[in-house]
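Here the structure is laid out as structure tokens; the discussion comes afterwards.
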Protein chains: 2
Amino acid sequence: MNISHIEHIGIAVNNLDESIKYYEGVLGLKCYSIEEVADQKVKTAFFMVGQTKIELLESTSPDGPIGKYIERKGQGIHHIAFAVPNSSEALKQAEERGVQLVDKVSRKGAEGLNIGFLHPKSTQGVLTELCSKE
Amino acid sequence: MNISHIEHIGIAVNNLDESIKYYEGVLGLKCYSIEEVADQKVKTAFFMVGQTKIELLESTSPDGPIGKYIERKGQGIHHIAFAVPNSSEALKQAEERGVQLVDKVSRKGAEGLNIGFLHPKSTQGVLTELCSKE
């Protein structure tokens, strides 16, 4: 699988502007990009922290995955994303090793990365993303 | 505050051995240390992923913070820890900026680091740790 680093941490928030204020004003981080991912029904804000990004996620619709998550669990850390050389191959490997997949093949995510999720049932409750540039 | 990187991600698990098997056998990471932190009533296992550690946390008692967390929310990502030059100063800065603190001054955590937590009420649901070597 060859995970090189944690690509990002996804955090579900109610209000992107309010959270950007906290991450910039209190923690002193700098938002470098805001992007809407229409098919995931989210607006995202990115911060670089060393080699890992913080990805804040605000739902653009109550029936999107983040909207549903917040309704069930409240705001908080939503997922962890590991950088791999090839996400489709890594997903296949995970499945061969007994992991239930959310995505059988990788798809386009924020920042043009190829991404896929492992199901939290197979990962002790941690929604886990594998992502790659290729 | 001068956050340099994400020091670690804390993940609450039911069974450390079972989770180590997953992180090693499926994700291909390597557990380099197992440590008990008696005053936090946890047993921890560490994995290095780039410049960030994964810290798995198994409660050694149902009335410890991780035991209570899992009873309420289930297994999953528990907290995010940012590396700062001086955690006591960073805690003071956070308080001056309106953040409610769990720890007014830093205390010793796993791996001998000086650590302190911000309250999730002030951080949009994200239990946030600040830690430093000094």
Qualifying ring pair (Phe, Tyr, Trp, His ring centres under 6.0 Å) pairs, either residue in residues 88-114 of chain B, two or more places apart: none
Transitive ILVMFWY side-chain link [X] to [Y], under 4.5 Å:
{"X": "Ile3(B)", "Y": "Val49(B)", "result": "yes"}
{"X": "Val126(A)", "Y": "Ile20(B)", "result": "yes"}
{"X": "Phe47(A)", "Y": "Ile34(A)", "result": "yes"}
{"X": "Leu113(B)", "Y": "Val102(B)", "result": "yes"}
{"X": "Val42(A)", "Y": "Leu16(A)", "result": "no"}

Who wins among [options] for the most heavy-atom pairs under 4.5 Å with chain B?
{"options": "Ala94(A), Pro120(A), Gly50(A)", "value": "Gly50(A)"}
{"options": "Ile11(A), Val13(A), Leu27(A), Ile6(A)", "value": "Leu27(A)"}
{"options": "Val84(A), Ile9(A), Leu118(A)", "value": "Ile9(A)"}

Anything under 3.5 Å between chain B and chain A that's a donor-acceptor pair? List each one with its distance, please.
{"unit_1": "Ser4(B)", "atom_1": "O", "unit_2": "Gly50(A)", "atom_2": "N", "d": "3.4"}
{"unit_1": "Ser19(B)", "atom_1": "OG", "unit_2": "Gln124(A)", "atom_2": "OE1", "d": "2.9"}
{"unit_1": "Val26(B)", "atom_1": "O", "unit_2": "Arg97(A)", "atom_2": "NH1", "d": "2.7"}
{"unit_1": "Gly50(B)", "atom_1": "N", "unit_2": "Ser4(A)", "atom_2": "O", "d": "3.4"}
{"unit_1": "Gln51(B)", "atom_1": "N", "unit_2": "Gln51(A)", "atom_2": "OE1", "d": "2.6"}
{"unit_1": "Gln51(B)", "atom_1": "OE1", "unit_2": "Gln51(A)", "atom_2": "N", "d": "2.6"}
{"unit_1": "Arg97(B)", "atom_1": "NH1", "unit_2": "Val26(A)", "atom_2": "O", "d": "2.7"}
{"unit_1": "Gln124(B)", "atom_1": "OE1", "unit_2": "Ser19(A)", "atom_2": "OG", "d": "2.9"}

Do Ile77(B) and Leu127(A) touch side chain to side chain, with heavy atoms closer than 4.5 Å? no
Side chain from CB out, backbone as N, CA, C, O: work out which of these in Val99(A) comes under 4.5 Å of a heavy atom of chain B, or both, or neither. side chain
Counting only non-hydrogen atoms closer than 4.5 Å, does Leu29(A) touch chain B with its backbone (N, CA, C, O), its side chain (CB onward), both, or neither? side chain
Checked Val26(B), Leu130(B), Ile54(B) vs chain A; the most non-hydrogen pairs under 4.5 Å come from Val26(B)
